[in-house]
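Scroll down for the structure; my scribbles are underneath it.
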Amino acid sequence: MEIVVGALLISTVVAAILYPLWRPALEPVDGPVGPAAELAELESRKAAIYGSIRDLGFDFRTDKISADDHRQESATLKREAVTVLAAIEQLRSHPPRGPAELERIIAGLAASTQEDAPSTESHELAEAGASAHPETPGAQLDGGPTRTLCTRCGHRAQPADRFCAGCGTALSGS
């Protein structure tokens with residue numbers, strides 16, 4: 001019996017040690033994903049356009065291109081820059097969203113939570129001593145008036161948070 005227990009113990013230890021070698025490796029994430037990746041790509045494109053505009057001005061001042069070519073190319077680059085800036089502003093103005101399936105699950109859980117405890121929110125607000133006015137103007141959210149949104153990425157922050165959990169930006173009013 002002791003031999004069986006010993007063999008079982010040794011095989012368990014060997015399996016625990018060798019498991020990391022047999023399991024599939026996790027795919028490393030090289031950069032941001034989702035809306036953050038799109039925003040990073042747009043920021044990169046914006047920097048490239050600004051660099052092109054700067055280089056175009058230098059080429060014009062050093063007589064490498066004619067005034068007509070400079071005017072035409074400059075107008076094209078500026079139109080492209082406006083388009084990129086509008087896309088960046090569009091992404092920054094809305095809080096990031098998850099995949100549709102995840103959003104559907106979250107909405108279902110939120111609805112079931114509200115049905116189970118309809119007075120929970122008002123009870124939490126009373127306990128927190130929340131006033132009718134939120135700490136951050138215009139930042140009243142479903143979770144209560146003292147929550148704020150990050151001005152950079154739109155992530156919901158808890159009242160005690162000093163930095164955004166989504167992007168690390170310092171939160172104002174903290």
Side-chain angles (χ1 to χ4, degrees), residues 20 23-58 61 73-174:
R23 70 179 175 161
L26 298 175
E27 298 274 334
V29 177
D30 294 330
V33 294
E38 188 177 349
L39 185 61
E41 183 180 324
L42 287 170
E43 289 287 348
S44 175
R45 182 67 189 136
K46 178 182 81 170
I49 293 170
Y50 285 174
S52 295
I53 291 172
R54 184 185 60 245
D55 293 344
L56 185 65
F58 179 76
R61 287 189 304 275
E73 188 64 29
S74 178
T76 302
L77 287 171
K78 287 177 182 177
R79 278 192 303 271
E80 189 176 349
V82 167
T83 303
V84 169
L85 289 173
I88 289 172
E89 196 58 36
Q90 174 75 19
L91 279 175
R92 287 187 177 167
S93 67
H94 298 292
R97 306 286 297 182
E101 178 68 17
L102 180 60
E103 291 293 333
R104 186 186 60 73
I105 292 170
I106 291 172
L109 289 173
S112 68
T113 302
Q114 289 175 354
E115 290 171 4
D116 292 344
S119 64
T120 303
E121 182 175 316
S122 60
H123 181 68
E124 289 175 355
L125 293 177
E127 283 182 4
S131 65
H133 301 288
E135 291 178 22
T136 305
Q140 186 167 351
L141 301 175
D142 297 340
T146 58
R147 284 192 174 179
T148 58
L149 289 177
C150 174
T151 56
R152 183 166 185 208
C153 72
H155 184 79
R156 289 183 180 196
Q158 299 297 324
D161 289 348
R162 293 176 49 206
F163 297 95
C164 174
C167 66
T169 301
L171 297 171
S172 61
S174 298

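In what follows, residues are counted from 1 in the order of the sequence shown.
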- Not counting sequence neighbours, which residues clear side chain to side chain contact (heavy atoms under 4.5 Å, CB included) with E41? List them please. none
- Query: For A48, does its backbone N or O pair with a side-chain atom of S52 as donor and acceptor, under 3.5 Å?
  - Reply: yes
- Message: Let me confirm one number: the CG-NZ distance from L56 to K78, rounded to the nearest 0.5 Å.
- Response: 9.0 Å
- Are the charged groups of E89 and R92 less than 4.0 angstrom apart, N to O? no
- Can you name the closest pair of heavy atoms from L42 and V84 and give their distance? O-CG1, 3.5 Å
- Roughly how far apart are R162 CZ and T169 OG1, rounded to 0.5 Å? 14.0 Å
- Item | Closest non-hydrogen atom pair, Y50 against A81 | CE2-CB, 4.4 Å
- Query: Taking R79 as the fixed residue, which of L77, T76, T83 is the one that meets the side-chain contact (heavy atoms from CB on, under 4.5 Å) rule?
  - Reply: T76
- Query: What residues form a side chain to side chain contact (heavy atoms under 4.5 Å, CB included) with I106, not counting sequence neighbours?
  - Reply: L102
- Note on the structure: Between L39 and I88, the two heavy atoms sitting closest are CD1-CG2, 3.9 Å
